[in-house]
**Student:** 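Have a look at this one before I ask anything.
Naming: A, B, ... by sequence-line order, numbering from 1 per chain.
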There are 2 protein chains.
Amino acid sequence: MARIPASERRAALVQAALRVVSQRGIAQATTRAIVAEAGMSLASFHYAFDSRDELIDELITTVVAREQEAVLPDDLQGHDIRDMLEAGLLRYFDHLRGDPEHEQAMLELTQYALRSPERHPLAIAQYDRYTELGARSLSAAAELAGVSWTTPVEQVARVLIAFTDGLTLTWLVTRDDDVARSVAHAAADALSRMAEPR
Amino acid sequence: MARIPASERRAALVQAALRVVSQRGIAQATTRAIVAEAGMSLASFHYAFDSRDELIDELITTVVAREQEAVLPDDLQGHDIRDMLEAGLLRYFDHLRGDPEHEQAMLELTQYALRSPERHPLAIAQYDRYTELGARSLSAAAELAGVSWTTPVEQVARVLIAFTDGLTLTWLVTRDDDVARSVAHAAADALSRMAEPR
DNA sequence: ACTGAAGTGGGACGATCGTCCCAGTCGCAT
DNA sequence: ATGCGACTGGGACGATCGTCCCACTTCAGT
């Protein structure tokens, strides 16, 4: 094994852990499975991290931080705010269909964090990040459509996140594209009514 | 330990397993934790069940089957279909607030079933059951409000389930009642537009 | 070239997991 | 009452888990 500084090893292990969680679930993301995925030895793991928990914490933190606007539209399209929202939701749905395992992994990490009091803040931060990204998109869309939100945009964003969560969970189980599109349509409908012409 | 026929022991173990999953998560629902919760010995477990997997499968199946209309309104209230839907969603929210661990357990069981191909059908069945219950409520509400669904009621029900899932997940993380109520309001808004006067 | 720190490898530890075995005990049909 | 099948208890099995230890190798600074 080549010699790699511990900092780089940490990043490589986090990436390997994400792949393992995506493919096999967090329950199967053992230290041995992760180092096998990363092509390292067990000792390298505990040289870079004090414990498996420390890696999982970093996994949640960094992966959410890097979630970026990958999910969000860079060019908003549509005639009015409703169309824009639906287009954005459908774009998210395409992202979901393209990499279902990744979103499933995100869901599992959230639930995992929810299970221990000291990790709960990580789940909160995860949702704050989602809300921030959502609010940014909602603001941009309102700007382009010439409307303003009648409810604080953070609140609208939280509703948006709830809708995308529901879409994700339902589709992951049923794999029913038509239902997912109906959800996107209905969600865009509801959200657009939280805005009014400027 | 009193002598109990295996069939009753199965039911008792399933109930104990549900409590353990609710309180500590499915990862902690080991055979030993379950029998401790049930006040039995390990041997009793494997006398009633061939394996832990068999119990988990039965847990998913029976708990979902018994989910009943506990969640759903027995008396629909509201002036129009929109009000009825919002009242129903708020009623579900009350149920969620009253027993968050139960809904969290349901979510975990779904995700657990999603992780192995042979268990995926259980998750599908779980959602079919939800859809059935939702469709029944939606039909009753439409009847009372004198409207009819412009989309097949099963499809509307699937959207409803997605919305409640999103509400559940978001609230479990943030515990923000206001956001949950906003979600209920917006969801009722969107769903009501899938109906038209008769 | 020498040295000390950084990084690596493999084997081992104790804990806990699901499962199994078997001697023992209870209750019911006869 | 007695025999037999249903049920129980406790201890044990091998597998796998997270973590640790220690001898070893490589590299940077001198």
Side-chain angles (χ1 to χ4, degrees), chain A residues 1-21 23-60 105 108-109 111-113 115-116 118-119 122, chain B residues 1-21 23-60 105 108-109 111-113 115-116 118-119 122:
Chain A
M1 195 64 212
R3 293 178 84 77
I4 299 174
S7 60
E8 291 181 25
R9 232 171 238 292
R10 284 176 73 98
L13 281 167
V14 167
Q15 284 311 105
L18 178 59
R19 287 195 298 273
V20 173
V21 172
Q23 288 166 19
R24 289 189 268 164
I26 195 167
Q28 303 294 325
T30 64
T31 54
R32 285 168 177 82
I34 292 168
V35 298
E37 175 72 27
M40 301 181 189
S41 72
L42 267 178
S44 299
F45 184 101
H46 282 285
Y47 186 78
F49 290 96
D50 281 345
S51 68
R52 176 181 176 273
D53 280 349
E54 188 183 318
L55 178 139
I56 299 293
D57 286 358
E58 183 150 324
L59 172 61
I60 296 175
E108 283 191 27
L109 289 174
Q111 302 238 41
Y112 181 79
R115 271 301 172 187
S116 68
E118 66 269 21
R119 241 180 294 272
L122 292 179
Chain B
M1 196 64 212
R3 293 178 85 76
I4 300 174
S7 60
E8 291 180 25
R9 233 172 238 290
R10 285 177 72 97
L13 282 167
V14 167
Q15 284 311 105
L18 178 58
R19 287 195 297 274
V20 173
V21 172
Q23 288 165 19
R24 290 188 267 164
I26 194 167
Q28 303 295 326
T30 64
T31 54
R32 286 168 176 81
I34 292 168
V35 298
E37 174 71 27
M40 300 182 191
S41 72
L42 267 177
S44 299
F45 183 103
H46 282 284
Y47 186 80
F49 290 96
D50 281 345
S51 68
R52 176 181 176 273
D53 281 349
E54 187 184 318
L55 178 139
I56 298 294
D57 286 357
E58 184 152 322
L59 172 60
I60 295 176
E108 282 191 28
L109 290 174
Q111 301 238 40
Y112 181 80
R115 272 300 171 189
S116 69
E118 67 269 20
R119 240 180 296 271
L122 291 179

**Student:** Would you please name every residue forming a side-chain contact (heavy atoms from CB on, under 4.5 Å) with B:L42, sequence neighbours left out?
**Tutor:**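 Residues passing side-chain contact (heavy atoms from CB on, under 4.5 Å) with B:L42: B:T31, B:R32, B:V35.
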**Student:** Just how far, in rounded Å, is P of C:dG10 from CE of A:M40?
**Tutor:**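 Rounding to the nearest Å, CE of A:M40 and P of C:dG10 are 15 Å apart.
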**Student:** Can you name the residues that form a salt bridge (Lys or Arg N to Asp or Glu O under 4.0 Å) with A:R24, not counting sequence neighbours?
**Tutor:**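 For A:R24, no residue satisfies salt bridge (Lys or Arg N to Asp or Glu O under 4.0 Å) once neighbours in sequence are set aside.
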**Student:** Residues in side-chain contact (heavy atoms from CB on, under 4.5 Å) with B:Q15, at least two apart?
**Tutor:**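 B:Q15: side-chain contact (heavy atoms from CB on, under 4.5 Å) contacts with B:R19, B:R66.
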**Student:** Under the side-chain contact (heavy atoms from CB on, under 4.5 Å) rule, collect the residues that match up with B:E118, sequence neighbours excluded.
**Tutor:**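 Expected list: B:S116.
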**Student:** What string of B, S and - do you get for nucleotides 14-30 of chain D, 5' to 3', when a contact is any protein heavy atom under 4.0 Å?
**Tutor:** ---BBB-----BBS---
**Student:** Kindly write out the residues that satisfy side-chain hydrogen bond (donor to acceptor under 3.5 Å, both in side chains) with A:E54, not counting sequence neighbours, or none if the list is empty.
**Tutor:**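 Partners of A:E54 by the side-chain hydrogen bond (donor to acceptor under 3.5 Å, both in side chains) criterion, ordered by chain and then number, come out as A:R10.
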